[in-house]
Amino acid sequence: MGKTVFEKSSSGRRAFTLPPNDCPLEGLKQLITRKGPVGLPEIGEQDLVRHYIELAGKNYHIDKGMYPLGSCTMKYNPLINEELAGLGGFTGLHPDQDVGDVQGALELMHGLERALSEICGMGAFTLQPAAGAHGEFTGMLIARDYFLGRGEKRKVIVVPDSAHGTNPASVAICGFTPKTIQSNELGLIDPAILEKEVDGETAVLMLTLPNTLGLFEREIAEVVRIVHDAGALVYMDGANMNALLGIVRPGDIGIDIMHVNLHKTFSTPHGGGGPGSGPVGVNAELADFLPIPRVIKEDTGYILSCDSDKTVGRIHSYFGNFNVLVKAYAYIQTLGARGLKQVAMDSILNANYLMNRLEGTYSLKYPGPCMHEFVLSARNLKKNGVRTSDVAKRLLDYGLHAPTVYFPLIVEEALMIEPVETESRETLDAFAEVMERIAQEAKESPELLTEAPRHTPVRRLDEAAASRNPDLQWRPEEK
Amino acid sequence: MGKTVFEKSSSGRRAFTLPPNDCPLEGLKQLITRKGPVGLPEIGEQDLVRHYIELAGKNYHIDKGMYPLGSCTMKYNPLINEELAGLGGFTGLHPDQDVGDVQGALELMHGLERALSEICGMGAFTLQPAAGAHGEFTGMLIARDYFLGRGEKRKVIVVPDSAHGTNPASVAICGFTPKTIQSNELGLIDPAILEKEVDGETAVLMLTLPNTLGLFEREIAEVVRIVHDAGALVYMDGANMNALLGIVRPGDIGIDIMHVNLHKTFSTPHGGGGPGSGPVGVNAELADFLPIPRVIKEDTGYILSCDSDKTVGRIHSYFGNFNVLVKAYAYIQTLGARGLKQVAMDSILNANYLMNRLEGTYSLKYPGPCMHEFVLSARNLKKNGVRTSDVAKRLLDYGLHAPTVYFPLIVEEALMIEPVETESRETLDAFAEVMERIAQEAKESPELLTEAPRHTPVRRLDEAAASRNPDLQWRPEEK
Amino acid sequence: MSYVQNTDGDREAMLKAIGVSRIEDLLKPVERSLRVEGDLDLGEPMSEPETAAALEAISKKNCPASSLASFLGGGVYDRYIPSVVRYVLSRSEFYTSYTPYQAEVSQGTLQAIYEYQSLICRLTGMEVTNASMYDGATALAEAVLMAHGIKRGGAVLIPRALSPRIKAVLRSYTKGRGIEITEVPFDERGEMNRAAIDDLLAEGTAAVVVAQPNYLGVIENAAEIAALAHDRKALVIAYVDPVSLALLSPPGDYEADIVVGEGQSLGNPMNFGGPLLGFMATRKAFMRQMPGRLISGSLDLDGKRGYVMTLQTREQHIRREKATSNICTNEGLCALSAAAYLSALGEEGFRDVAVQSLSKSHALYRLLKEVSGCELPFGENFFQEFVLRLGSPLGNFLKKAKAAGILAGIQLTDDFPELGPGAILVAVTEKRSRADLERYRDIVKGGA
Amino acid sequence: MSYVQNTDGDREAMLKAIGVSRIEDLLKPVERSLRVEGDLDLGEPMSEPETAAALEAISKKNCPASSLASFLGGGVYDRYIPSVVRYVLSRSEFYTSYTPYQAEVSQGTLQAIYEYQSLICRLTGMEVTNASMYDGATALAEAVLMAHGIKRGGAVLIPRALSPRIKAVLRSYTKGRGIEITEVPFDERGEMNRAAIDDLLAEGTAAVVVAQPNYLGVIENAAEIAALAHDRKALVIAYVDPVSLALLSPPGDYEADIVVGEGQSLGNPMNFGGPLLGFMATRKAFMRQMPGRLISGSLDLDGKRGYVMTLQTREQHIRREKATSNICTNEGLCALSAAAYLSALGEEGFRDVAVQSLSKSHALYRLLKEVSGCELPFGENFFQEFVLRLGSPLGNFLKKAKAAGILAGIQLTDDFPELGPGAILVAVTEKRSRADLERYRDIVKGGA
Ligand SMILES: Cc1ncc(COP(=O)(O)O)c(C=O)c1O
Ligand SMILES: Cc1ncc(COP(=O)(O)O)c(C=O)c1O
């Protein structure tokens with residue numbers, strides 16, 4: 001139980017063998033310079049399968065239950081999309097094949113770019129970024145090259161304090177300087193404060209819409225006006241686009257650059273940490289700055305074009321996470337315009353339903369209605385010696401997953417809850433009931449929380465020890 | 001938790017929709033005579049997936065751990081075989097397609113028949129029987145028609161007392177009369193007794209080789225001679241063929257008719273109860289009695305032939321469990337002659353290793369060496385108020401599966417253990433250790449056994465109540 | 001390659017523990033003269049890629065119906081299978097588990113099959129059903145044996161318009177018991193001839209089998225036939241198409257005694273005709289005479305709901321020669337498919353499958369009615385399948401259709417010479433589009 | 001269809017609980033003028049079979065390399081993938097789980113990635129590695145940023161014989177920081193010109209990148225280059241092909257400081273170039289400067305072994321603008337593939353992959369050497385890939401090869417004009433058979 005694959009190894013076992021080699025190794029031995037074995041485990045197919053089945057049994061996943069992780073939009077991943085992305089006509093393509101051999105792939109990418117442009121109201125999209133943060137980086141590069149092209153030395157990116165951590169990090173690795181602005185008492189950007197912070201140094205305002213409190217920026221029109229008036233651009237982190245599908249098109253309200261997370265909004269699975277995909281959309285004026293190659297439709301078919309002297313260049317070896325794109329494309333095809341709007345409407349309904357039920361039990365700093373998610377605080381449990389992390393761990397004991405915790409930073413003891421539209425009312429009710437029971441337990445027997453979890457494959461792990469002395473690879477001596 | 005799919009239903013949900021109907025229903029309503037709904041559950045795809053994932057989590061299976069079920073040969077099911085059986089070129093075939101369109105399928109069936117004939121030393125095989133018992137039935141039909149053709153009225157089938165329950169049942173549904181003969185003190189057929197029981201009334205001796213005690217009939221040559229001398233046939237239940245692969249060919253030693261279980265010996269999965277496949281082999285003289293249609297190789301290709309006036313007829317709608325045949329064929333291709341023999345050798349080694357280790361702890365009525373399995377008895381635990389079924393249930397608490405229990409009937413408190421060749425020595429050691437610990441527990445704290453299992457999704461279920469008043473379908477009132 | 005895990009080192013250690021020096025030493029009980037000398041004639045072991053390449057090459061020698069516009073039916077149908085059904089079947093918890101002998105660690109399979117039973121009961125309107133049989137044909141054969149057992153003898157009437165393959169299986173199954181099987185011809189509408197039934201029914205008749213719809217696609221007046229049979233104390237065995245039950249009266253409504261059928265089209269691929277899924281349902285009164293495994297709900301020691309196999313005394317484990325049948329391994333995984341399929345489609349979706357099959361088959365019928373030289377011997381009283389007669393040998397027509405990507409139907413003339421030359425059975429499922437139907441019509445037009 | 005589960009009845013009840021009458025009422029914060037009027041221009045919802053048909057039709061417009069004899073490489077390779085790898089990836093416990101933020105219910109993913117880290121450490125001979133990066137190109141870019149950070153500035157030397165796509169990504173990543181990147185030409189053997197390195201290395205040089213083998217397939221004398229760099233206090237970044245490491249010295253042996261590479265060919269399909277698997281390993285001393293997620297072993301409250309994400313302070317969750325990089329979602333599932341792949345092959349099997357790629361690529365090289373007009377500009381010092389020069393534009397040759405089912409290689413002339421006209425990069429993996437190689441030779445012969 002709990003052994004690593006190395007400990008299950010026995011020299012001489014095989015889970016896979018190649019067909020015999022029909023070419024001689026003769027005269028090539030001198031090219032072999034590795035001394036000694038790599039140290040790979042040797043294990044039979046049955047024991048290897050059992051190894052991974054054992055590990056699989058220790059994972060929570062969307063097919064087991066709800067993931068109320070705010071900002072993560074963990075929705076159901078349709079099975080048909082997995083099947084389609086697994087078709088040999090997709091998985092077997094080499095990226096250096098002649099365009100004539102990959103017309104289907106290019107058609108799909110072109111179709112997805114167009115669909116995303118329509119959904120977001122943007123002029124053009126690139127599918128190259130491999131994740132949301134990669135999209136942010138790409139967006140920052142575009143802003144950089146845009147201002148460089150205009151001979152403007154704008155170095156500051158304004159970021160609200162409620163923003164996701166990747167926002168300032170993306171800004172920084174691009175050579176820009178992030179400047180944080182405070183949210184107002186409604187959890188929103190205050191146009192008055194913004195007006196003061198934005199100036200000729202400002203390259204971009206990087207906002208999240210709906211923001212990470214689950215709130216729509218009510219003054220968004222004014223916010224955009226202020227930024228544009230200062231000659232700066234508005235970047236939208238579209239990780240929360242789920243709430244806006246068919247309801248608001250960012251391009252229509254003046255967003256210049258944005259990314260979406262296909263692995264959230266468009267239902268591609270998260271794979272325990274990836275792969276994702278973070279396409280970036282820009283307004284028509286900025287289209288030439290998008291990374292190359294771009295997929296262009298010509299009369300004779302699709303081509304990959306590198307013709308652009310304004311492009312920021314490449315940001316991925318090839319065309320991004322193609323396999324993920326297939327799933328997102330299938331998803332959009334299946335839902336169509338009406339289905340996508342229903343996604344947004346039901347995600348908003350589910351969030352408000354759950355918020356409404358839980359806001360008495362936990363405290364709600366910023367009043368609703370919310371969009372697709374909301375942020376509660378467990379600070380009312382502090383008096384019982386209970387923290388948000390304890391609530392989270394206790395949820396695990398009930399066989400549920402915890403919400404996002406301690407984020408956004410501006411809410412004390414935050415519990416960020418996004419139910420998503422694929423959860424049924426019964427599931428929301430069951431979750432709410434457990435949340436209520438836990439609040440009750442916090443008062444009556446707080447040790448149930450502080451000592452939680454007890455019913456999981458392991459109990460709370462010593463993270464401090466791990467970070468003092470990380471054990472990052474298995475070594476025989478250590479056992 | 002634990003709800004049926006009916007209890008998870010909510011009217012209006014859908015996990016699957018058809019493309020719109022492009023043909024009118026007009027003028028057809030009078031053909032619709034059902035009054036009222038069927039009463040099918042309505043549930044979304046996500047909740048349906050979760051339903052089955054929840055159920056899956058409550059199943060033991062070969063990828064979780066060893067199945068020491070004697071006589072069942074629960075071995076590893078190679079993944080590649082599942083993939084290959086799932087190829088569209090196989091799954092998409094309609095059985096009434098023209099033979100010209102199914103040449104691959106016929107080639108595969110012909111190849112499998114030939115491989116089984118080679119492995120078993122038989123003249124010909126049919127792949128039609130859908131399971132072992134179906135094969136037994138087919139074999140009995142062949143014997144019936146064979147004697148009918150010769151104008152002999154033989155009605156008696158001699159069956160050893162150690163035989164599997166399907167043997168006498170197959171005999172009976174075919175219109176024959178089973179006659180049981182006692183095994184001798186070595187657990188074997190006694191030629192002297194046999195000689196007395198076999199006469200002009202006897203149609204068939206139906207034996208299992210190795211027998212269900214895991215023993216090879218040492219006097220098999222003499223046994224066969226006695227039966228043949230009486231003008232009767234020898235049928236071999238080949239469910240235990242795993243031990244003989246590449247070592248003994250039943251045809252070579254005088255077996256006239258036999259079946260093999262592809263879902264045991266040839267690694268096709270058991271599917272929680274099926275589908276299986278029980279091909280029947282006969283000596284050359286009996287080949288014309290095999291069910292029709294038969295696959296024949298001609299110069300121009302394969303055909304399906306119904307030309308035979310001796311055939312017993314059809315015993316399946318089409319050609320048997322084709323999808324299972326694909327897996328067995330792939331398995332035989334992969335292993336080849338040497339691999340198959342290694343299967344037998346290692347299954348014998350594993351069984352003897354485990355028997356050797358456990359025979360002090362539990363009692364062994366018939367001494368080894370055994371073939372691929374062995375039968376222990378837990379009667380030595382009776383004095384502690386513990387029965388075989390308690391040992392079985394306690395094994396479940398350790399996360400293991402139980403052996404076959406209370407079979408064969410001639411061993412008191414039987415524990416029939418077949419480790420199979422795909423289990424590693426480490427797995428056998430771990431199983432033996434638990435078996436030893438349980439024997440210890442039986443002495444020290446028998447309630448650990450009699451109250452077991454405690455760590456399973458449910459505890460011991462009331463089987464008596466179920467059989468007094470079976471609840472065979474879910475009804476809303478009952479909840 | 002091989003799936004054996006022992007290494008030479010393992011073998012050595014194990015032999016040492018046993019106290020012998022070679023595995024051959026364990027073969028002592030097998031006389032040397034009985035053993036195979038040398039290797040079997042089976043060829044060399046293959047690696048996984050080699051096996052895969054070999055089998056892929058074989059599969060490519062087939063031209064699967066699923067890749068064409070198939071109008072083949074006759075018991076096995078090309079239907080849409082929801083991805084969730086494939087997914088459930090791909091979980092090794094289901095497909096690599098054994099028969100649920102240890103109920104406490106088999107609740108997944110047991111509950112799934114209990115749900116399957118519940119669904120079949122709802123479809124058929126019957127009280128009890130078993131956990132599956134090999135196929136529709138053997139299910140019918142077992143039903144006949146069962147009826148014969150209940151009635152302690154007697155002949156059985158079956159419709160002539162029953163699948164010839166099913167009839168053949170029935171003969172194989174009943175000849176050992178000497179059961180007399182009589183065919184009832186069909187009338188000019190393709191229905192079971194009621195006057196003939198009346199004639200053939202004798203006091204001692206064990207059962208009348210009614211096929212609904214029958215093999216020629218025709219919807220029978222099952223209630224009338226059942227009443228006729230019951231009047232003479234014969235049992236009624238209904239052989240039904242499960243999809244048709246979304247629209248047709250469930251056999252429970254006409255008081256059938258035993259209901260059987262072929263369940264392949266409930267979420268199972270065609271697979272060249274196997275595995276199939278035989279189902280059987282009956283009245284509670286006959287429960288103990290029914291063959292096959294049964295799953296029952298029950299309670300555990302702590303009062304928690306769970307599921308067990310029940311009435312195993314009917315099976316061969318215990319009563320052996322007195323068992324109701326010899327069936328042991330059944331088609332559990334196909335039953336799971338059926339349960340997942342029916343649950344995925346739900347009330348509305350399943351009805352839609354039947355409605356589309358009905359309306360599309362009738363749409364084709366109507367299109368063909370317009371084509372001269374195209375005979376449709378029976379009326380519009382059919383579900384999803386009908387007989388088309390072209391009047392001349394079919395070889396050419398079938399070839400032309402195939403060239404246009406159409407599998408036009410099953411040839412009937414050999415089995416039903418009374419239908420005359422050029423008769424085929426045409427099945428239309430929900431998978432066919434109007435364009436497919438028009439293409440079919442055009443080929444008939446061109447060739448007729 | 002849609003995957004929303006709420007029915008109209010649910011919606012009504014929920015709205016009532018909230019106290020509003022329509023969902024629109026919840027949209028109050030969104031000014032009406034900002035909202036979309038009418039429907040998006042995206043077409044009607046589709047049923048599952050319609051979506052499947054649409055995507056299948058698109059997929060058939062591709063002619064996948066995997067269905068031909070492909071000699072395309074350049075970073076992405078067509079290799080055998082064991083069925084067990086596909087199976088592991090098909091388990092929804094892995095692919096539908098989120099980043100393991102709640103360690104106690106994510107031990108499956110965490111242990112799998114810990115094993116992945118251990119395997120990468122063993123392959124590279126390094127002390128620590130992260131849980132994956134987007135691809136080899138961004139991994140190299142991040143390594144350069146990291147080295148630049150460690151050295152607090154300085155230029156970076158890269159081989160000219162590096163994938164042009166990787167160079168492009170490197171430029172995009174570094175231009176914001178103004179890092180100077182200089183290409184070191186290759187010499188007549190295709191190796192990184194050591195004299196040029198010597199010339200270009202300055203005291204302040206941050207790092208020298210060595211590609212092993214380089215983009216042209218040539219095996220570098222990495223140890224010598226590393227020594228040169230270390231002599232001048234520059235860090236050594238090795239960009240390595242993971243399969244080659246079964247046979248070539250691990251970068252740990254020549255004391256590389258950071259090791260990166262593209263791991264696609266460890267069990268991942270080509271997928272038109274994405275997702276890929278960037279890996280990165282380094283010395284323990286630089287652990288806290290390394291970007292990306294790290295999984296560490298630890299103990300739980302009861303002293304039981306388990307796994308956690310660690311050193312998250314390096315990541316953007318906490319330090320935000322001071323994070324070592326912005327990477328958050330990575331390529332976890334591809335890392336899982338790699339771990340399953342390496343475990344399935346094991347020591348012997350993995351070595352065999354490398355040996356077969358080596359010996360087959362050399363077998364083709366030798367076959368081509370015999371063909372007149374066929375130039376092989378560099379020597380035999382290569383692993384799995386080599387440059388072939390045909391001297392004239394390639395269009396015709398590539399077309400002929402394609403017609404014979406062969407994808408002959410990647411055209412090099414645009415990116416490396418110094419190689420002259422008609423240069424292609426030919427990769428040979430273990431999947432190619434001797435017959436494929438002979439077919440290749442015959443086409444060259446016919447066309448040259
Ligand atoms: C609001 C927001 N922005 C950005 C990201 C980063 O996306 P990724 O993890 O795909 O890089 C996330 C993901 O957690 C997010 O929630
Ligand atoms: C010895 C023996 N004979 C016959 C059978 C019956 O085979 P099946 O279950 O496939 O009908 C079995 C299966 O358990 C068996 O072990």
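Since the structure is predicted, the reported quantities are computational estimates derived from the model, not experimental observations. Hydrogens, waters and symmetry mates play no part in the numbers below; they use all other heavy atoms, side chains included. Sequence lines set the chain letters: A, B, ... in the order given, protein chains first and strands last, and positions in each chain run from 1.
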Pick one of side chain, backbone, both or neither for B:I62, based on which atoms fall under 4.5 Å of a heavy atom in chain C. both
With a 4.5 Å cut-off on heavy-atom pairs, point out which of C:K402, C:E31, C:R91, C:Q111 contacts chain B the most. C:Q111
Determine whether B:K341 and C:V36 make a side-chain contact, defined as any pair of heavy atoms from C-beta on separated by less than 4.5 Å. no
Examine whether an atom of B:N350 lies under 4.5 Å from a heavy atom of chain C, and if so say whether it belongs to the side chain, the backbone or both; otherwise answer neither. both
Quick one: what part of B:F176 sits under 4.5 Å from any heavy atom of chain C, side chain, backbone, both or neither? neither
Go through the atoms of B:T17 and report whether side chain, backbone, both or neither lie under 4.5 Å from a heavy atom of chain C. neither
Minimum heavy-atom separation for C:V169 to B:I315, with atom names? CG2-C, 3.9 Å
Proximity breakdown for C:T310 and chain B, heavy-atom pairs closer than 4.5 Å: side chain
Any heavy-atom pair between the side chains of B:I173 and C:R177 that's under 4.5 Å? yes
Examine B:Y318 together with C:F272 and report whether their ring centres are nearer than 6.0 Å. no
The interface call for C:T138 against chain B, heavy-atom contacts under 4.5 Å, is side chain
The interface call for C:D135 against chain B, heavy-atom contacts under 4.5 Å, is side chain
Among the options B:L141, B:I43, B:V49, pick out the one with the most heavy-atom pairs lying under 4.5 Å from chain C. B:L141
Value for CD (C:Q5) from CZ (B:R425), rounded to nearest 0.5 Å, stands at 12.5 Å
Under a 4.5 Å heavy-atom cut-off, does chain B meet the side chain of C:R434, its backbone, both or neither? both
Any idea which heavy atoms bring C:I295 and B:L472 closest together, and the distance? O-CD2, 3.2 Å
side-chain contact (heavy atoms from CB on, under 4.5 Å) between C:R165 and B:H316, worked out: CA-CA 8 Å; C:R165 286 169 295 270; B:H316 185 266; over 6 Å; no
Interchain contact, C:A131 with chain B, by part (heavy-atom threshold 4.5 Å): neither
Chain C contact via B:C174 - which portion, at a heavy-atom distance below 4.5 Å: backbone
For a quick test of reading the model, state the closest non-hydrogen atom pair linking C:N271 to B:F322 and the distance between them. O-CB, 3.4 Å
Less than 4.5 Å to any heavy atom of chain C: does that hold for the side chain of B:L31, its backbone, both, or neither? both
Interchain contact, C:V30 with chain B, by part (heavy-atom threshold 4.5 Å): both
Look up atom CD in B:Q97 and atom CG in C:L72, then write down how far apart they are to the nearest 0.5 Å. 6.0 Å
When heavy-atom pairs shorter than 4.5 Å are enumerated against chain C, which of B:R144, B:E107, B:R249 gives the highest number? B:R144
Examine whether an atom of C:L398 lies under 4.5 Å from a heavy atom of chain B, and if so say whether it belongs to the side chain, the backbone or both; otherwise answer neither. neither
When the 4.5 angstrom heavy-atom criterion is applied to C:I219 and chain B, the contacting part is side chain
Quick one: what part of C:E104 sits under 4.5 Å from any heavy atom of chain B, side chain, backbone, both or neither? both
C:A54, part contacting chain B, at a heavy-atom distance under 4.5 Å: side chain
Output yes when a side-chain donor or acceptor of B:H94 lies under 3.5 Å from a complementary backbone atom of C:V76, and no otherwise. yes
Side chain, backbone, both or neither of B:Y67 within contact of chain C (heavy atoms, under 4.5 Å): side chain
B:D471 vs C:R305, salt bridge (charged side-chain N to carboxylate O under 4.0 Å, His left out): CA-CA, chis, key distance, verdict: CA-CA 12 Å; B:D471 155 19; C:R305 186 168 174 81; 3.0 Å; yes
With only heavy atoms counted, which part of C:F383 is less than 4.5 Å from chain B, the side chain, the backbone, both or neither? neither
Counting only non-hydrogen atoms closer than 4.5 Å, does B:N356 touch chain C with its backbone (N, CA, C, O), its side chain (CB onward), both, or neither? side chain
For C:E93 and B:N59, which heavy atoms make the closest approach, and how far apart are they? O-ND2, 3.0 Å
Side chain, backbone, both or neither: which part of C:L437 has a non-hydrogen atom closer than 4.5 Å to chain B? side chain
With chain C as the partner, which of B:G175, B:G27, B:A330, B:A402 has the greatest number of non-hydrogen pairs under 4.5 Å? B:A330
When the 4.5 angstrom heavy-atom criterion is applied to C:L299 and chain B, the contacting part is backbone
B:Y52 to C:A112 - nearest heavy-atom pair and separation: CE2-CB, 4.5 Å
Is it the side chain or the backbone of B:M371 that comes within 4.5 Å of chain C heavy atoms, both, or neither? side chain
Okay, B:V312 and chain C: the region with an atom under 4.5 Å from a heavy atom over there is both
Which portion of C:A344 sits near chain B, non-hydrogen atoms under 4.5 angstrom: both
At a 4.5 Å cut-off on heavy atoms, which part of B:Y353 comes close to chain C: side chain, backbone, both, or neither? both
For the side chain of B:E118 and the backbone of C:D41, is there at least one donor-acceptor N/O pair under 3.5 Å apart? yes
To the nearest 0.5 angstrom, please state how far the CG atom of C:L345 sits from the CZ atom of B:R14. 7.5 Å
Atom of C:S172, atom of B:R314 and distance for their closest heavy-atom approach: OG-O, 2.5 Å
For B:P453, is it the side chain, the backbone, both or neither that has a heavy atom under 4.5 Å from a heavy atom of chain C? side chain
Side chain, backbone, both or neither: which part of B:E83 has a non-hydrogen atom closer than 4.5 Å to chain C? neither
Under 4.5 Å heavy-atom distance to chain C, tell me which part of B:L215 shows up: side chain, backbone, both or neither. neither
